Amino acid sequence: MKLLTPYSTNGLDLANRIVMAPMTRLRSHGDGSPTTDVAEYYRQRAGAGLIVTEGIWPHSSGQSEAWVPGLATDAHAEAWSRVADAVHAEGGRIAAQIMHGGRKGHPRARIDGSVPAGPSAVPDGDVLHLIDGSKAAWPSPEAMSIERIEETVGQYAASARLAIAAGFDAVELHGANSYLIHQFLADNTNQREDRYGGSIAGRMRFALEVVDAVAAEIGAERTAIRLSPGNPQFSMVERDPAPLYRALVTELDRRGLLYLHLTDHDDYAALADLRPRFGGTVIANVGENRAPTTAAAAERALSDGHADLVSFGRSFIANPDLVDRIRDGLPLAPIREDGLYGRTAHGYTDYPRAGVLSACGDR
Ligand SMILES: Cc1cc2nc3c(=O)[nH]c(=O)nc-3n(C[C@H](O)[C@H](O)[C@H](O)COP(=O)(O)O)c2cc1C
């Protein structure tokens, strides 16, 4: 299987082409530092060629939900260094996903109690986890001023610097699935008429400014970005994604980034359309909107030439030894809703490896 073959890019040597996709699990301490369970969770999954962490906020004003971790202070970096060390000790590689919530956030979900701000004052239609354990609708966000945008670009760069100081191998910027960079790209969330909105060039300006600021800080060869072109999930509307994403990927291609992580959707075959426009490494995610990614679908994405690496999300939650199971053709354990989000090790670090009895004894 090509999936199981090694892959090298920009000095990053991966044991196989299986990537653990970023997945928010809400296990941080109150200050945004990852708990020791987080280090154990990623250590268990270090058989992946590359792990991309859950989304991490670069500044407390970008915290989307309660218990989402942060990487904005030296104390955060110190805590994350234990996570990176745990993965490296097992021979794995790990990138930090920097995820700014933008309009997604709530004063009662945030350590700094701030009101969320996005490109425009358009609320998200969904609900989120609050600190007190309840859930609420996302409130209406403020529209970001130009100064606020510039400040935020700087926060991504500062967080990326901390990520490298913490020992992460790379930084993946979350430009997908309705978070801030995506909010600037999409039609419904960006109604600005200044230089950050309107035309294609305007809507992709924020993404490129963040990429450039982060690349200037840590090097383009350690900077990556995730995009979900035309993803209709999470109340995002992108009426005509192809021209925007073609222009964006063409610009990204010029920058020599570590990789582009793309999700494919039924509405727009982004991988087939955009892969030829990006000369560097492409990670495909083919599971969104559908059942969890399968090894067969992943292998197909590689043999079709749509990607160099493939990310698996949900299957990694339930199968810490996913790579071994794929290699040995073993059945995959199903993911349980119980403990998917939550503050304990239950449903987090207690999924057993194949052939090992669960700590809960009942799976
Ligand atoms: C519990 C959960 C949390 C997720 N959190 C994130 C996240 O923080 N950042 C991100 O880019 N995608 C996130 N995703 C999307 C996954 O990275 C992935 O794209 C999705 O699960 C589809 O892949 P799969 O079919 O292999 O599961 C999350 C998905 C799940 C199931």
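First listed ligand is number 1; within each ligand, the first listed atom is number 1. Values below: every heavy atom of this structure, side chains too, minus hydrogens, waters and symmetry copies. These figures come from a predicted structure and were not determined experimentally.
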* **Contact check: Glu54 vs ligand 1, nitrogen or oxygen atoms, below 3.5 angstrom** => no
* To do: Quick one: pull up CZ in Arg353 and CG in Leu322 and give me the separation to the nearest 0.5 Å.
  => 11.0 Å
* Any Tyr341 heavy atom less than 4.0 Å from ligand 1 -> yes
* Pro22 N/O to ligand 1 N/O under 3.5 Å -> yes
* Structure fact -> Separation between CZ (Phe184) and CZ (Arg203), nearest 0.5 Å, reads 12.5 Å
* Asked: Distance from Asp308 atom CG to Thr9 atom OG1, nearest 0.5 Å?
  -> 8.0 Å
* To do: Under the side-chain contact (heavy atoms from CB on, under 4.5 Å) rule, what do Ile181 and His174 come out as? Steps first, then yes or no, please.
  => CA-CA 7 Å; Ile181 292 173; His174 194 354; over 6 Å; no
* Indicate yes or no: does an N/O atom of Thr293 lie under 3.5 Å from an N/O atom of ligand 1? => yes
* Does ligand 1 have any atom sitting under 4.0 Å from a heavy atom of Pro292? -> yes
* Asked: Of all the atoms in ligand 1, which lie at a distance below 4.0 Å from a heavy atom belonging to Ala21?
  -> 17 (O)
* Carboxylate-amine/guanidinium proximity below 4.0 Å for Asp321 and Arg327 -> no
* Asked: Which ligand 1 atoms does Asn285 reach within 4.0 Å, using its non-hydrogen atoms?
  -> 18 (C), 19 (O), 22 (C), 23 (O)
* Any N or O of Leu340 that comes nearer than 3.5 Å to an N or O of ligand 1? -> no
* Asked: Hey, which of Thr263, Asn285, Thr293 is the one that makes side-chain hydrogen bond (donor to acceptor under 3.5 Å, both in side chains) with Ser311?
  -> Asn285
* **Any N or O of Ile317 closer than 3.5 Å to N or O of ligand 1** => no
* Taking only Lys NZ, Arg NE, NH1 and NH2, and the carboxylate oxygens of Asp or Glu, determine whether Arg195 and Glu150 approach each other closer than 4.0 Å. => yes
* To do: Please confirm whether Ser311 comes within less than 3.5 Å of ligand 1 when only nitrogen or oxygen atoms on both sides are compared.
  => no
* So, the side chain of Arg300 versus the backbone of Ser303: is there a donor-acceptor pair under 3.5 Å, distance only? -> no
* Structure fact -> Candidates Glu337, Met23, Gln233; heavy atom nearest atom 29 (C) of ligand 1 found on Met23
* Asked: Purely on distance, is any nitrogen or oxygen of His174 under 3.5 Å from one on ligand 1?
  -> yes
* Asked: For Ser315 and ligand 1, does the shortest N/O to N/O distance drop below 3.5 Å?
  -> no
* To do: Can you sort out which atoms of ligand 1 are near Phe312, meaning under 4.0 Å from one of its heavy atoms?
  => 26 (O)
* Asked: Quick one: which ligand 1 atoms are inside 4.0 Å of a heavy atom on Gly55?
  -> 8 (O)
* Less than 4.0 Å between a side-chain N and a carboxylate O, is that true for Asp253 and Arg277? -> no
* **Location of contacts on Val286 toward ligand 1, heavy atoms closer than 4.0 Å** => neither
* Specify side chain, backbone, both or neither for Thr24, according to which of its non-hydrogen atoms lie closer than 4.0 Å to ligand 1. => both
* **Under 3.5 Å: N/O of Gln97 near N/O of ligand 1** => yes
* To do: Enumerate the residue pairs fulfilling side chain to side chain donor-acceptor pair (under 3.5 Å) with a member in residues 15-24, sequence neighbours excluded, ordered by first and then second residue.
  => Thr5-Arg17
* **Distance in Å, Asp124 CG paired with His106 NE2, rounded so as to fall on 0.5 Å steps** => 12.0 Å
